[in-house]
Amino acid sequence: MPESPKDETDPPIARGFPVTRVNDLAERESRAKLYYRPLSVLHKWWARRLGSVFRTVCLYSLADDPEAVSVVDPGSDGASTLADFTDGDDTSVSSSQIAQMIETVSLESPDALWELYPQDVSIDDKRVLDPFMGAGTTLLEAVRFGADVTGVDLNPVAWFITKKAFEASSVTQAELQAAFDAVEEAVAEELRSHYRTSCPNDNHEADVTYGFWVRELDCVSCGHTVPLFKDYRVASGRYDDSDRDNVLCPDCESVFLTSDYRESAVCPDCSYEFTPADGPVSRGGNYGCPECGQKYAIIDAIAEGQSYAERLYALEYYCTECDDAGHDRPTYKGYKSATETDRERYDAAARLLEESTELSTYIPDEAIPKGAVTQASSISGNDVFKHGFEAWADMFNPRQQYCLATLLRAIDEVNNDNAREFLLLAFSNALQFQNNFARFNTSGAKVESIFGQNSFFPPVEYVENNPWGTRAGRGTFTNTWEHVLDAVEWAHGPVERYLDDGELQRTEPFDTPVEGDVTILQGDMREVDIDGEFDAIITDPPFYDNVVYSELSDFFYVWQRQLLADEYDSFTPSRTPNQESIVANPAIGADDEKFESELGDAFERLAGLLTDDGTLVFTYRHEGSHSWAGLLEGLCGAGFDVTATYPISAGLSEFTAGEELNFGVVVVARPADEREAISWNALRRRLFQETKHVQEQLEATQTLSAGDESVVQMGACFEEYSKHFGQVHNRGELMDSDAVVSEILDLVSGAVDVRDIYLTLLSMDEPSSDDLIRLCRGTTIDPDDLKDRGLVVDGTEFNVADWDTDVRQAYIEELPVEVHSELDTLHRLRALAAEATPVRLNDTRSSIDVTSSLLDLADQLATETNDDTYRELLN
């Protein structure tokens, strides 16, 4: 089988990628992002890619010149160098070993560079651009290799997060602690005072970890107030009661434990019998009045003039006094009913908010814009306006507004600009857990972010979090501040975690902090001024309507701009600039076609920013043929050739309205060479040979799944197609990308034609039955199919049959003419051409529809058999 080896001048990533290694590590990182890379998760951002994936992408994209690579063992203070790492006697030997690592990267040896993954590697004279930087994952990884990095993002929130990530290594823990201490002294006790409750175990107070709220409506039939519970569970039991559930009695509102909430329970306080699983609200968004039985749609009741009332019905408490006294956990931490005193404490905070003119200036007054994730649409299916939410402030109850405004004012009064912005980032990050859209994870006993499904789902029940924080809980200001401190510590001395024989290992802190020559730009990458050319462009571009970041990020933006509007022009507008976003968003009239066109414009800009031998690498969602066709149209149309694709199955999933992506793909592209016209049949044969060649390479040394194999095969097919983009002919017409990509995806999934295998066998010098079996493996073709058709003879010797082989002639003669394949037709015509008189040949030929496909096949048969008669058969 002819091989198409990669050019040795290609960067390693164009020749191979350690898919198994990356997926094993990324799968672990995806479950513990704060543990692996606290700097990369400094603040909530959507579709955030994993640092382990992009560290590997950067290493394999940038390490193309061994003379530019230097290596220091982490934690050695520079004393352990490349020579020590490679066991070389001198630097020249070490350089040669690094050269061998770089040069031997291939599909058969994808791990050749993996030894450098946990090392402190520096690569000279590299410039990297991420034009869709998001929260900066690419840049944070590339700068650690010594690259000069430039990032661009349209979204001001993304720009601010990335800006602070790169400033983390310039701030000291002492500065941050001093700023935090000032805020704590100013407001912590005030905030804590609003989240206190009587301890059930003694005559003292405990901290409130969570407050449980239910929304209510009046029955349209009888006027009875209906609490909109889906069920009456409060939380799963804990500790010795982990097999039971805390439930709320709908009659007296006491909270008690029951063995199974799906079965009938009797309240121990009032003897009321009920089934906790059966609340008044059904899955369809209708309520059933427990008084009169009336069923009604919640959004219809609101449309007719009602507004939600809200009621605090239960609390989770944490008693530090009982904890310090040595009591067991069920004593100092548990659930209780909310009392009138608890509700009065809430009302007191609401009154303080009403009385303070100054605090109101720290609460966003912007209206919620109508958009794809705020109104019902093909993306979301929600409509916050139908639930009565009109302004961003409506997503926070009065006590939350009071406490958040009080905290934000204290942050605003911090004099250290850098520290103040880090405090603001912690405040902003906590917002996702400090709102009345936050839900309680009943089985996990914790609050869940408003962005659990990357949209806005107005709940009928929500959990109110303690804003400052207690010894327990999640998503509090003190929690998110600890994340900031962890990120800053990591930025000063980053560490890597890696797998060694399946065991997770941790390096010593690197001597090189996360810093360097960094340029962060806010604006549309198609228009913003970007200086110079780049050796690599590494990014994660938008994908159709997967996540509409601009609308979601407004939730954070309106709070951040309270402190940033006077500092940065990008925070002056009342919302983020969604109109310029490259996204399929029906709210702004952007469909799939517009998205593909704008993504193509972006690739054209990138083509002008990449050096002649540069590399474009990005992640993409593996979906249907249409999305790949749209990508290739934009990419190849902008002057790029795809050179490889690799599957990344871990950590790239993103939820949108409850749907999960299967996996992501790393796409590698390079500036295109001159393209040549080709027939589809000729291209198809090359594609089939590429898939089999890649399959052999992978199976020689790797243990990829069939799905992962197919992605790598797809990349090889895209590379071959790129060489002929826009010039593939079939039956006298040009094939569009949709048609070609559809065929490619069928091909890599095993839907090949018998003639693909037959022609490949013909091209071999000494084909064997093993070759036949190998070519059929992973396809829908059985080796016996070719034997039954007389295309191969597998007796004492294995032979590939031609038209004149007895078994082949017998098969064609027995088969009705109307079901002949193109290969059958040509073999039949060739047999007729060998007869003494041409009459029968001419009569038969006149009844055949001569297509370009048939002509191409005749040409291929002539080439592989050295029989020019095939070319004359159709004249």
Side-chain angles (χ1 to χ4, degrees), residues 211-235 245-256 258 260-314 337-340 343 346-347 368 374-377 380-390 394-395 397-398 435-440 442 453 455-464 657-658:
F212 296 86
W213 290 79
V214 64
R215 294 188 163 114
E216 298 176 325
L217 290 172
D218 292 338
C219 173
V220 296
S221 179
C222 70
H224 177 75
T225 298
V226 181
L228 301 176
F229 287 109
K230 293 181 178 178
D231 58 54
Y232 294 103
R233 286 181 298 169
V234 177
D245 295 291
N246 289 279
V247 298
L248 177 78
C249 173
D251 190 49
C252 72
E253 295 193 340
S254 65
V255 173
F256 64 93
T258 186
D260 189 342
Y261 78 95
R262 292 174 291 266
E263 296 179 356
S264 180
V266 177
C267 175
D269 289 347
C270 70
S271 301
Y272 183 74
E273 185 175 357
F274 67 106
T275 303
D278 298 337
V281 175
S282 66
R283 286 186 176 273
N286 297 326
Y287 70 78
C289 177
E291 191 73 16
C292 70
Q294 172 72 53
K295 296 185 184 300
Y296 212 71
I298 292 172
I299 59 173
D300 288 347
I302 293 174
E304 292 166 8
Q306 285 203 54
S307 298
Y308 285 129
E310 297 182 352
R311 183 162 54 85
L312 179 66
Y313 66 88
S337 302
T339 65
E340 284 306 312
R343 297 186 185 101
Y346 169 84
D347 291 338
I368 301 171
T374 54
Q375 282 187 296
S377 73
S380 166
N382 303 319
D383 195 324
V384 300
F385 304 102
K386 289 184 178 179
H387 289 264
F389 295 91
E390 297 180 353
D394 295 340
M395 292 186 177
N397 70 34
N435 58 80
N436 59 29
F437 276 49
R439 291 173 171 79
F440 191 70
T442 307
Q453 292 181 316
S455 191
F456 296 109
F457 285 84
V460 289
E461 300 171 66
Y462 71 90
V463 61
E464 182 185 6

Short side-chain to backbone donor-acceptor contact, T258 and D245, under 3.5 Å:
no

Do C267 and S254 come within less than 4.5 Å of each other through their side chains, counting heavy atoms only?
yes

Taking side chain as C-beta onward, heavy atoms only, is V226 less than 4.5 Å from P290?
yes

Would you find a donor on one side and an acceptor on the other, under 3.5 Å apart, between the side chain of N382 and the backbone of P458?
no

Name the orientation class of the two ring planes belonging to F229 and Y232 (parallel below 30°, tilted from 30 to 60°, perpendicular beyond 60°).
tilted

Have Y346 and E310 got a donor and an acceptor in their side chains that come within less than 3.5 Å?
no

Hey, are the side chains of V281 and E461 touching, using non-hydrogen atoms and a 4.5 Å cut-off?
no

Please test E273 against S264 for side chain to side chain contact (heavy atoms under 4.5 Å, CB included), starting from the C-alpha separation and ending with a verdict.
CA-CA 7 Å; E273 185 175 357; S264 180; 2.9 Å; yes

Should N436 and E464 count as side-chain neighbours, where that means a heavy-atom distance under 4.5 Å?
no

Test item: N286 side-chain N/O and S282 main-chain N/O as donor-acceptor pair under 3.5 Å:
no

Can you give me the closest heavy-atom contact between N435 and A438, atom names plus distance?
OD1-N, 3.0 Å

Could you measure the distance from the OG atom of S221 to the OH atom of Y296? Nearest 0.5 Å is fine.
10.5 Å

Taken to the nearest 0.5 Å, the spacing of I298 CD1 from Y287 OH works out to 8.5 Å

Between D251 and C270, what is the shortest heavy-atom contact and its length?
OD2-SG, 3.7 Å

In terms of ring plane angle, is the pair F212 and Y313 parallel, tilted or perpendicular, where the classes change at 30° and 60°?
tilted

With the side chain counted from C-beta on, respond yes when V463 and W213 share a heavy-atom pair under 4.5 Å apart, and no when they do not.
no

Rounded at 0.5 Å granularity, tell me how far CD in E216 sits from OG1 in T225.
6.0 Å

For D394 and E390, work out which heavy atoms get closest and say how close.
OD2-N, 2.9 Å

Value rounded to 0.5 Å, distance of CZ in R233 from CG in N246:
11.5 Å

Is any side-chain heavy atom of D231 closer than 4.5 Å to one of P276?
no

Would you call N397 and Y462 a side-chain contact if the rule is heavy atoms closer than 4.5 Å?
yes

Hey, could you give me the CZ/NZ distance between R283 and K230, rounded to the nearest 0.5 Å?
8.0 Å

State whether the side chain of Q306 and the backbone N or O of D218 hold a donor-acceptor pair below 3.5 Å, judged by distance alone.
yes

Would you name the heavy atoms of D269 and C252 that are closest together and state the gap between them?
CB-SG, 4.2 Å

Are V247 and F256 close enough that some pair of their side-chain heavy atoms sits under 4.5 Å apart?
yes

Matching residue for F389 among F456, F437, F457 - test: ring pair (Phe, Tyr, Trp, His ring centres under 6.0 Å)
F437

Closest heavy-atom contact between A314 and V255?
CB-CG2, 4.2 Å

Working to the nearest 0.5 Å, report the span between NE2 of H387 and CD1 of I302.
6.0 Å

For I368 and F385 the tightest heavy-atom approach is O-CZ, 3.4 Å

